[in-house]
Amino acid sequence: MDEMMHVDELVEKLCTYCDAYELDVDEEVARRCVEHFMLVVETNKVMNLTRITNEHDGLVLHILDSLLLLPEVRSAPYGMLLDIGTGAGYPGIPLTLATGRPSVLIDSVAKKVKAVAGFIDEMQIKDAKVSSERVESYAREYRASCTCVVARAVAALPVLIEYASPLLAWGGSLVVTKGVPSEEEISAGLHAASLCGFEFGSVRHVTLPDGLGDRTILRFDKLHDAKLGLPRKVGVAKKHPLGA
C-alpha cells in the first residue's frame, strides 16, 4: 500500500510538471513513465544504466526531459520513431507511451539494449523494438524507414544530423535535445544539415525545474536529398564530422 501511495505521489508530481510545461500527457501515460523509471532504478542495482536514481531528479532529468520533446515529435509526420543512443530507454520509451507511435530504440551497448527489451516486455509496450546495431549499419538496412528521429546528448550535433539523414523519410524530422550547445556546435550543425538534406525547423529553449539545468531543443526537417552518400562507414561521422 505504501509503495502504491508513493507511486501515486510521483505520478501526481509528474502530471504537475507536464501541466506547467503545457505538455499534453494524461495520467495513465504519466503512470507508465513512472513504472518505467522504477524498473530502471531496480535494474540499476545490478547493472550500470544511469547515474540518476534519485526519484525527484529522475522525474525531471529522465521523464520530463524526454517528454519535453513532444511538441516537436508530434509535429513530425506520423510513423516510426527512432531513438539514437537510448541508454535506459530515454527519451524513446516516454515518447512511445505518449504518442502511440511504433518505435525503434537503438544503443550500441548490448547490455543496455537487453535491459530496455526487458522493460518493453514487462510493460507490454506494443510496437516498440530494440537494436544494438551501430546506427550507420541500421540505416543501410532500414533506409528512410522513420518519420521522426530523436536523440539526447549522445553526440555532437553534426554527427547526429548525419546519422539521422538516411534513416528519415522525406518530410521527416530530427529532434535533438542538448544542454546549452556552443555557437560553434550550432554553426557546424547547420552546415552539416545543408549537406545532409535538412532544413532548419525550429529551436526552443527550456529551463528545467528546481535548478536542474537548461535545454535547447532543435528540430531539423528532411526536405532534400543529401549531397553525399550516406551513411558513411561506421565510425567516420564521429572521427570526421561534416561540420568541422
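Predicted, not measured: the structure shown is a model, and the values here were computed from it.
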Original post:
Say you draw a straight line from SG of C148 to CD of E72; how long is it, rounded to the nearest 0.5 Å?
Top reply: 9.0 Å
**OP:** Please report the C-alpha distance between E136 and V236 in whole Å, then the side-chain angles of each, then the deciding distance to 0.1 Å, and finally whether the side-chain contact (heavy atoms from CB on, under 4.5 Å) criterion is met.
**Re:** CA-CA 10 Å; E136 300 98 324; V236 173; over 6 Å; no
**OP:** For L160 and A155, work out which heavy atoms get closest and say how close.
**Re:** CD1-O, 3.5 Å
**OP:** Can you see which heavy atom on L242 is nearest to which on H191, and at what distance?
**Re:** O-CD2, 3.4 Å
Original post:
How far apart are the C-alpha atoms of I217 and R219, what are their side-chain angles, what is the distance that settles it, and do they pass the side-chain contact (heavy atoms from CB on, under 4.5 Å) test?
Top reply: CA-CA 7 Å; I217 300 167; R219 192 189 92 234; over 6 Å; no
**OP:** Give the C-alpha distance, both sets of side-chain angles, the deciding distance and a yes or no for side-chain contact (heavy atoms from CB on, under 4.5 Å) between L23 and Y17.
**Re:** CA-CA 9 Å; L23 301 171; Y17 283 141; over 6 Å; no
Subject >> Considering all heavy atoms, the nearest P77-T147 contact >> reply: O-OG1, 2.7 Å
**OP:** Examine distances only and state if a side-chain atom of N44 and a backbone atom of T50 form a donor-acceptor pair shorter than 3.5 Å.
**Re:** yes
Original post:
P91 and S66: which non-hydrogen atoms are nearest, and at how many Å?
Top reply: CA-OG, 3.1 Å
**OP:** Would you sort out whether F119 and T43 count as a side-chain contact (heavy atoms from CB on, under 4.5 Å), showing the intermediate values?
**Re:** CA-CA 10 Å; F119 303 152; T43 304; 3.3 Å; yes
Subject >> With sequence neighbours excluded, residues passing salt bridge (charged side-chain N to carboxylate O under 4.0 Å, His left out) with E28 >> reply: none
Original post:
Mind checking whether V175 and V104 sit in one hydrophobic cluster, side chains of I, L, V, M, F, W, Y counted as touching below 4.5 Å?
Top reply: no
**OP:** Run the salt-bridge test on K13 and E55 with the 4.0 Å N-O cut-off and return the result as yes or no.
**Re:** no
**OP:** Measure the acute angle between the ring planes of F37 and H62, then classify it against the limits of 30° and 60° as parallel, tilted or perpendicular.
**Re:** tilted
Subject >> N54 atom CG: more than 12 heavy-atom contacts under 6.0 Å >> reply: yes
Original post:
Taking all atoms of both residues into account, what is the closest heavy-atom pair of L81 and G92, and its distance?
Top reply: CD2-O, 4.2 Å
Subject >> Criterion salt bridge (Lys or Arg N to Asp or Glu O under 4.0 Å) against E162, the qualifying member of K239, R232, K238, K233 >> reply: R232
Subject >> Interatomic spacing from CD in Q124 to NZ in K126 - rounded to 0.5 Å >> reply: 8.5 Å
Original post:
For R134 and S108, does a side-chain donor sit closer than 3.5 Å to a side-chain acceptor?
Top reply: no
Original post:
Any side-chain heavy atom of I106 sitting closer than 4.5 Å to one from E133?
Top reply: no
Original post:
In Å, rounded to the nearest 0.5 Å, how long is the span from NZ of K222 to OG of S173?
Top reply: 11.5 Å
Original post:
Roughly how far, to the nearest 0.5 Å, is the CZ atom of F200 from the CD1 atom of I161?
Top reply: 10.0 Å
Subject >> Counterpart residues, side-chain hydrogen bond (donor to acceptor under 3.5 Å, both in side chains), relative to K45 (two or more places apart) >> reply: E42
**OP:** Taking all non-hydrogen atoms of both residues into account, name the closest pair between R32 and I125 and its distance.
**Re:** NH2-CG1, 4.0 Å
Original post:
Below 4.5 Å, heavy atoms only, C-beta onward: do V154 and V159 meet side chain to side chain?
Top reply: no
Subject >> Main-chain N/O of L82 paired with S103 side-chain donor or acceptor, under 3.5 Å >> reply: no
Subject >> Under 3.5 Å donor-acceptor, H36 side chain and A88 backbone >> reply: yes
Subject >> C33 side, atom SG; L67 side, atom CG - distance, nearest 0.5 Å >> reply: 5.0 Å
Original post:
Hey, what do you get for CG (L70) to OG (S75), rounding to the nearest 0.5 Å?
Top reply: 11.0 Å
Subject >> From CA spacing to verdict: salt bridge (charged side-chain N to carboxylate O under 4.0 Å, His left out), D127, R101 >> reply: CA-CA 8 Å; D127 292 330; R101 286 174 179 258; over 6 Å; no
Original post:
Of V116, V113, V130, which is the lone residue that meets side chain to side chain contact (heavy atoms under 4.5 Å, CB included) with D107?
Top reply: V113
Original post:
Just wondering, do Y90 and I52 contact through their side chains at under 4.5 Å, heavy atoms?
Top reply: no
